[in-house]
Every structure is written in C-alpha cells, then in structure tokens.
Asker: 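First the structure, then my questions, so here it is.
Numbers restart at 1 for each chain; the letters A, B, ... are given by sequence-line order, proteins then strands.
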Amino acid sequence: MPDAENAFKVRLSIRTALGDKAYAWDTNEEYLFKAMVAFSMRKVPNRETTEISHVLLCNVTQRVSFWFVVTDPSKNHTLPAVEIQSAIRMNRNRINSAFFLNDQTLEFLKIPSTLAPPTDPTMPIWMIIFSVIFCIVIVAVMLLIFSGIRQRRRKSKGPSEVDDTEDKCENMITIENGIPCDPLDTKGGHINDVFMTEDERLTPL
Amino acid sequence: MEKSRPLWANPLQFVFACISYAVGLGNVWRFPYLCQMYGGGSFLVPYLVMLIVEGMPLLYLELAVGQRMRQGSIGAWKTISPYLGGVGLASVVVSFFLSMYYNIINAWAFWYLFHSFQDPLPWSVCPLNDNHTGYDEECEKASSTQYFWYRKTLNISPSIQDSGRVQWEPALCLVLAWLVVYLCVLRGTQSTGKVVYFTALLPYCVLIIYLVRGLTLHGATNGLAYMFTPKLEQLANPKAWINAATQIFFSLGLGFGSLIAFASYNEPSNNCQKHAIIVSLINSSTSIFASIVTFSIYGFKATFNYESCLNKVILLLTNSFDLEDGFLTASNLEQVKGYLASTFPGKYSEVLPQMRNCSLQAELATAVQGTGLSFIVYTEAIKNMEVSQLWSVLYFFMLLMLGIGSMLGNTAAILTPLTDSKVVSSHLPKEAISGLVCLVNCVIGLVFTMESGNYWFDIFNDYAATLSLLLIVLVETIAVCYVYGLRRFESDLEAMTGRGLNWYWKAMWAGVSPLLIVSLFVFYLSDYILTGTLQYQAWDAFQGQLVTKDYPPYALAVIGLLVASSIMCIPLVALGTFITRCLKRGDTPPAA
C-alpha cells in the first residue's frame, strides 16, 4: 500500500510539539485519526456515508509515520487522491487541534498547507509614524525660523545694537563711537581698542 | 565693525560636539570588522599605538589651529599662508561630498526605525509568492533580512548601469533626515550646542543596554571568545598596522574642517590639549566597547544559526529513517550518523548530499562591515530576540543619533566658512544659508534613492574622502610646522592658552605624523594601481547573493573626478593666489 496511487503518508512529531506532555501513539490514537479522516470525507458531497472502517492505516513506524487510504467498499476501490486532498485541506484545523498539533508537526506529505495570507493594513504603519515625526519636525523648524526673524526685527528697531543672542557674555558691552568692542575677555574689564585683536594681527587678504 | 563670534555656552558643549562628531557609524560597523580580520585581541596593539602616535597629535593640531585662528577651514588656512587657502577649500569640497551621501544612511535608519513598530518585524518573515503556496523565490534563496534590505528598502537593480527610478519611500525618509539636520544647525552653535548633548550621550545609553542584553544572550560567549582570542601572528602583518592607522585617521574625522569649525567657536583660553586627549580616548574606547556588543550579538546569531542547521539535519535524518521523534539530539548525532551509515549504507548515501555540514566556526567567521552589518546581520540577530520590536527600535535610534551627530559636524564644516565669508553672510541670513546647503544636498542625495543608488553610495563611500583626506592632513601638518613655523605656532598657543607645548607634540607634528601619512598615502596608491580595474559587489536577484562586477567607464570617471576635484583645489588656489599677487604687484608699485 505505501506509494499506492491514492495513499498518503502522514508524519507526526508529537514530542517536538508537546515536549514533556507528549502522549504515546497507540491504537486508540489511530482510531481517532481514522475518525477525523472519515469526518473530513463525510463533509464532501457524495461521500456522506464514509465510515471509520473505510479508512485503512498501515506501516506505522516509531517516527510516528504511517500511510492511509480511504476505500469505498461498495465499489471496492480507493477514493481518488484529489478528493481526499481537498477534504483534508478544508478541515486541516480541526484535525490538527484534535491532536494538539499544527501544520508543521502533523504533516500530510503531498498535501501542501495554505499559508496564512499576510495582513496588509489599509495604511502602512510606518507611514503613520513617519507623518507624525515629519509634522513635528516641520513645526519645530518653522518655530525656530520665525523666532529668528522676530529677533532680527526687534534688533533692527532698537537704537543701540545688541549683539547676537548666541553670544553668552552677560557683561555690559562697551560702545565706542557706536561700535561694540569685541567682547572676548571682557570679563571684568574694558578692552583697550588701541591694541589690535588677535584676528587683525595677521593682515587679512 | 566686527561682529563677535558665537561661542559654545560651556566647554562641555564643545567636547560633546567633538565626541558626537567623531563617534559615528564607523566605530560601530567598521572597527569590529577590522578586529575580526586582523587578529582579534591582538589588533588592539597596533590600534592603541596608532592612537598615541597619530590620532592624538593630529587631533590636537586641528583643534589648536581652529581655536587659534577662530575661523572656519578656509579662513584659517588662508591666515596661515595666503597660498594655502586651497587646503581649506579642499576640506569644504570633501565635506560637501560626504554630506551628500552620508545622510542617506540616516534615511535608511529612519526607514528601519519606522518599520520596527510592527509585529512581526517585516524582515523576519518572507512574503508569500503570488499563489500563496510558498514564499517569494528571491527571499527563499537569500534570507528574509537580506530580502528586506535589497528588495524592500533599496529595490536594488542588478547593476550600476540600470538606474531605475527614484524610490519615493527612501526619498521621503531622506527629506525627513535633511529636515532634522536643518533643525539642528539652523541656529548655529545655539541649536547645535543643545542637540549634541543628546547625540553624544544617547548612543552610550543604548550601547550599555545592548551590552547587558548581549552578554546575557545564549551563545554570546562564543562570539566574545572568538573575537578576543589574540592571533599574535597578525601583528607581523603590515596590513593590520595600516588598517589600524587608517581606522584611527578616519574615525576621528580629521581633515574635513569640522574640528577646525568646532574649535573656532571656543574661548581662546580653552585647554584644547586636554580636550584632544579626552576626545580621542573616548572615541577609541567607544570602538572597543561597541565591538564587545557586536561580538556578543555575533556569537548569539552564529550559535542560533548553528543550532538551526543541526536541527535541520536531525529532522532530515529522522524523516528519512523514520526514527523515533526526539531520539536524535545534538549530542548523539555523530554516533547515530555512524550507526546509520554502517547499517543502511544505500539509503544513507542518498541522504548525504542534502545534509549540510554545520560548523560554529564557519558561522562566526562570516565577517561583515558597513551597511551589511547594521541592516542585515544585526537585524537577523534582533529578530530572534524576545521583544524584538523594542531592541530594533533602540538599535536604529542609536544609529540615528550616531549618524546625525556626524552630520552636524559635516554641515558645520561647510557652513562655518560660508558664514565667515563676508560676501555670503552679508546677503543672506544664517538660516537661509543653512537651508540652501541642506536643500542642495537633499536634491543631489536623491540620486542615492534610485534603484542603483546603493552602488553610487559605495563609490562615494570608498573614494570620495579617502585619498583626499590623507593629502589634506599631510599638507596641514607641513603647513603648520614648516610654512607657519612650529616655534611661532608654539608661542601663539602659549600666549593663547597660557600653557607650554610639550616636546612630544612637537616631535609628532614635525616628524612622525607626516611620515606616517606619507606611508599610508603610498600604500593606498599602490593598492589602487596593483588591483587594476576597480570592481563592485552587485546583488543578483535570481541567485539571491552578491556577485562581483567591473565598473563601467563613466563610473570610473566619476571616481576620478571625486578624488581630483578635492585634491586639485590645493595647487589651483595656490596658483591663483600667486597669479593675482603677481598681477597686483605688476599694476601698483609695491607697498612700503
């Protein structure tokens, strides 16, 4: 019967799936399996009379793996593989959960499982986060630009020139002839403008 | 009338700015690779030697020049000698090239960061093929992380000739990255000074968290043992020393003009010697720290892959011989293989070709650097950790901080000479200059979002800065020591900071460092000449792996242009100044 035209090989990995809680594979489990296959076949139109005794198992190994076919005693032949395949595919979930297994640990060789379709949300998540961050940055840039413009307008209105706010010098800025002196090293003193500052020591080009 | 120069609010901001600039992506994705290639623990010997002999002196030199001249790179070198304005201009050109291509890395980091908020992570599973019976073919042949990088992020074309279109998703991320950079440099030191607290400190927080997590991962010790086992025979390999020197050189970001720009905003009395030593030590220790983290992650990934490989072999044998489920384990695998080979020789020889030879050493030996390390290897390790979204977010956030910190230095190198120049700053306010620079760079950067963009990125990454920087720093050192005069510079520094110049620095500046740079330069040139045609790695979608291809002639022309345009500035400007001076002397009688 192995490799027969309408036979399927089944492979179970109970210990991989359940570890310590693994149950032993015995004839009762085989009976349940036959029942599940018969149940799946009964759901197919035309096959409602499939009985558990119509499902035959053989070549059970220690793996655990075995072959099965579904027979039709009235016509004395095995049911076509295509029908069995579609029946099992429809009820795969029920069969899996009867044995506490999943598609990887209860394998029907030659019956591929339908992979779960990817969940595609209407708006990709990354776009949402991107838009949020984008808006925050744009708002921050606008704020900085406008506050800079406002500061400059306030500066140009004032009579005495206040130096750039970036200059952290808090001392009074000496004004001579309406020109503020270079506030380097002004902590605690006036700069004598007669002596050239370092930048002018070398003749600029 | 002289407008006062903006200053850092306190010296700590300056140190953080330098650290933030120097500690960049190279510390995270280049140093671990070099460590692995050149002998693990023993690579630290040439690395530390080069740090002391080359890194610290050159860093101190650049900071001292910036602090002394109080101008951006162009003005500073013009002040040293009128013929050397070209050095500053070359620095600005190289910085311009760097900022063009560097920000795309930040765009990719943003892309991965935004995608980290999904469950499961998009690079952990392959997408399904069209009829939902299996996975996408390209993804099966490669791995899901490679697929996500090459197909979903880059949508890479098979070769540099197929340009493709601009991909709008990376382009959006690039625009965002430039907006963030603009936000940080908009107000000059006032804004930059605040931002560098974050960009300097946050990466360390993440690295520490990752260190704790990495060391507790299963298999981390394998990676650490592999890395730190010294292979002392590598000390005799000249390539190890050359790569150590190159790594120190480029890691500190010398020659771009950023350090000069940062130092120019210092108080003249600032102790830049202390800061130079601190910054270089922190930079190197960050590299070593990052490689500990990287290698524990490597160890985890290698162990995970090795165990998966073993499990696949076990499953294959269990299914082929119908053995009891759970009978075969990693420990009895070899015994059982021997038993099966002798008892069922025919069947065993059928199965044998499908069995892969699993080797932990082979998994550990896959050395990766650059974008491959961050976006493929690290993501592969992250997807196997618990709560992978959290680790992913942390990791890409850290990459962003590192990248933006370096971008701030690059843009400062371009903006400072522009704002210093009277011509430009009298017409446009600072915000407009920064905005214009960011806009131009962003538009040019869209080239890297095309389908062939990654190949152009590799060109820029490998050639835009390497040779030119070596030459620039060489000219800088010679200029300060011999054109300006070492004694004159020494007395300037003493007058400025109040501290004398140690003999060690003088010996290094005048002799050792220029010799080192010359030998590096010679090595690079001979390497280029010996390898003949330049080649690049292209992604083949059908095979699901990288293949080597030759550059087409126009790409070679671009490479030549990149290198030449920055190097040529030095002689051209010198020549131009000489000619204008001759003309002036010809027109008017010489001034008394």
Side-chain angles (χ1 to χ4, degrees), chain A residues 11-17 19 22 59 61-65 105 107 109 112-118 121 124-130 133-134 137-138 140-141 144-145 147-149 152 161 163-169 173 178-185 197-200 202-205, chain B residues 1-10 68-71 75 78-80 82 85 110-111 113-115 117-118 122 125 127-128 132-135 169 172-173 175-176 179-180 182-183 186-191 267-269 315 318-319 321-327 429-431 435 492 496 577:
Chain A
R11 193 152 60 201
L12 289 94
S13 311
I14 310 175
R15 198 166 304 169
T16 315
N59 274 35
T61 66
Q62 257 197 322
R63 171 63 183 83
V64 173
S65 67
T105 40
E107 294 167 80
L109 303 183
S113 41
T114 337
L115 298 161
I125 300 180
W126 78 269
M127 276 297 281
I128 301 176
I129 307 177
F130 170 81
I133 308 264
F134 195 76
V137 172
I138 294 251
V141 167
L144 277 186
I145 295 184
S147 66
I149 295 179
R152 248 195 297 275
E161 286 176 342
D163 245 341
D164 217 4
T165 40
E166 295 165 306
D167 195 289
K168 298 294 179 183
C169 192
I173 296 164
I179 302 167
C181 303
D182 202 349
L184 286 170
D185 301 337
T197 53
E198 291 165 326
D199 290 318
E200 293 164 10
L202 303 157
T203 321
L205 287 167
Chain B
M1 182 210 97
E2 235 191 73
K3 202 171 169 208
S4 72
R5 194 171 184 76
L7 298 172
W8 296 109
N10 54 59
R68 167 73 188 78
M69 303 302 163
R70 313 203 78 230
Q71 292 181 75
K78 259 202 210 156
T79 317
I80 291 209
F110 266 124
W111 169 262
L113 180 67
F114 295 148
H115 276 88
F117 290 97
Q118 293 173 14
V125 285
L128 302 176
H132 283 210
T133 52
Y135 296 113
E169 296 105 334
L172 275 183
C173 292
V175 169
L176 177 64
L179 275 176
V180 172
Y182 181 52
L183 179 66
L186 177 46
R187 287 289 200 83
T189 48
Q190 195 190 29
S191 48
E267 302 257 5
S269 53
L315 193 64
T318 313
N319 286 344
F321 293 94
D322 277 327
L323 303 165
E324 192 185 329
D325 182 32
F327 169 66
K430 204 174 359 97
E431 285 92 344
D492 280 353
M496 191 171 69
T577 325

Asker: Quick one: side chain to side chain contact (heavy atoms under 4.5 Å, CB included) partners of Glu431(B), sequence neighbours excluded?
Answerer: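 With sequence neighbours excluded, Glu431(B) shows a side chain to side chain contact (heavy atoms under 4.5 Å, CB included) to Arg152(A), Tyr182(B), Leu186(B), Arg187(B), Pro429(B), given in chain and number order.
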
Asker: Under 30°, 30 to 60°, or over 60°: which ring-plane class applies to Phe114(B) and Phe130(A), parallel, tilted or perpendicular?
Answerer: perpendicular

Asker: Side chain from CB out, backbone as N, CA, C, O: work out which of these in Thr105(A) comes under 4.5 Å of a heavy atom of chain B, or both, or neither.
Answerer: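 No part of it gets close to chain B.
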
Asker: Atom CD of Gln118(B) and atom CD1 of Ile129(A): how far apart are they, to the nearest 0.5 Å?
Answerer: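 Gln118(B) CD to Ile129(A) CD1: 8.0 Å, rounded to 0.5 Å.
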
Asker: With sequence neighbours left out, what residues match Ser65(A) under side chain to side chain contact (heavy atoms under 4.5 Å, CB included)?
Answerer: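 Only Lys9(A), Arg11(A), Thr61(A), Arg63(A), Asp322(B) meet the side chain to side chain contact (heavy atoms under 4.5 Å, CB included) criterion with Ser65(A).
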
Asker: Pick from Leu144(A), Ile138(A), Ile145(A): which one has the most heavy-atom pairs with chain B under 4.5 Å?
Answerer: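 When all of Leu144(A), Ile138(A), Ile145(A) are compared, Leu144(A) has the most.
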
Asker: For Asn319(B), which atoms come within 4.5 Å of any heavy atom of chain A: side chain, backbone, both, or neither?
Answerer: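 Both parts, backbone and side chain.
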
Asker: Where on Leu315(B) is there a heavy atom nearer than 4.5 Å to chain A: the side chain, the backbone, both, or neither?
Answerer: side chain

Asker: I need the minimum non-hydrogen distance between Leu179(B) and Phe134(A), along with the two atoms involved.
Answerer: CD1-CE1, 3.6 Å

Asker: Among Ile14(A), Ile149(A), Thr16(A), which residue forms the greatest number of heavy-atom pairs with chain B at distances under 4.5 Å?
Answerer: Thr16(A)

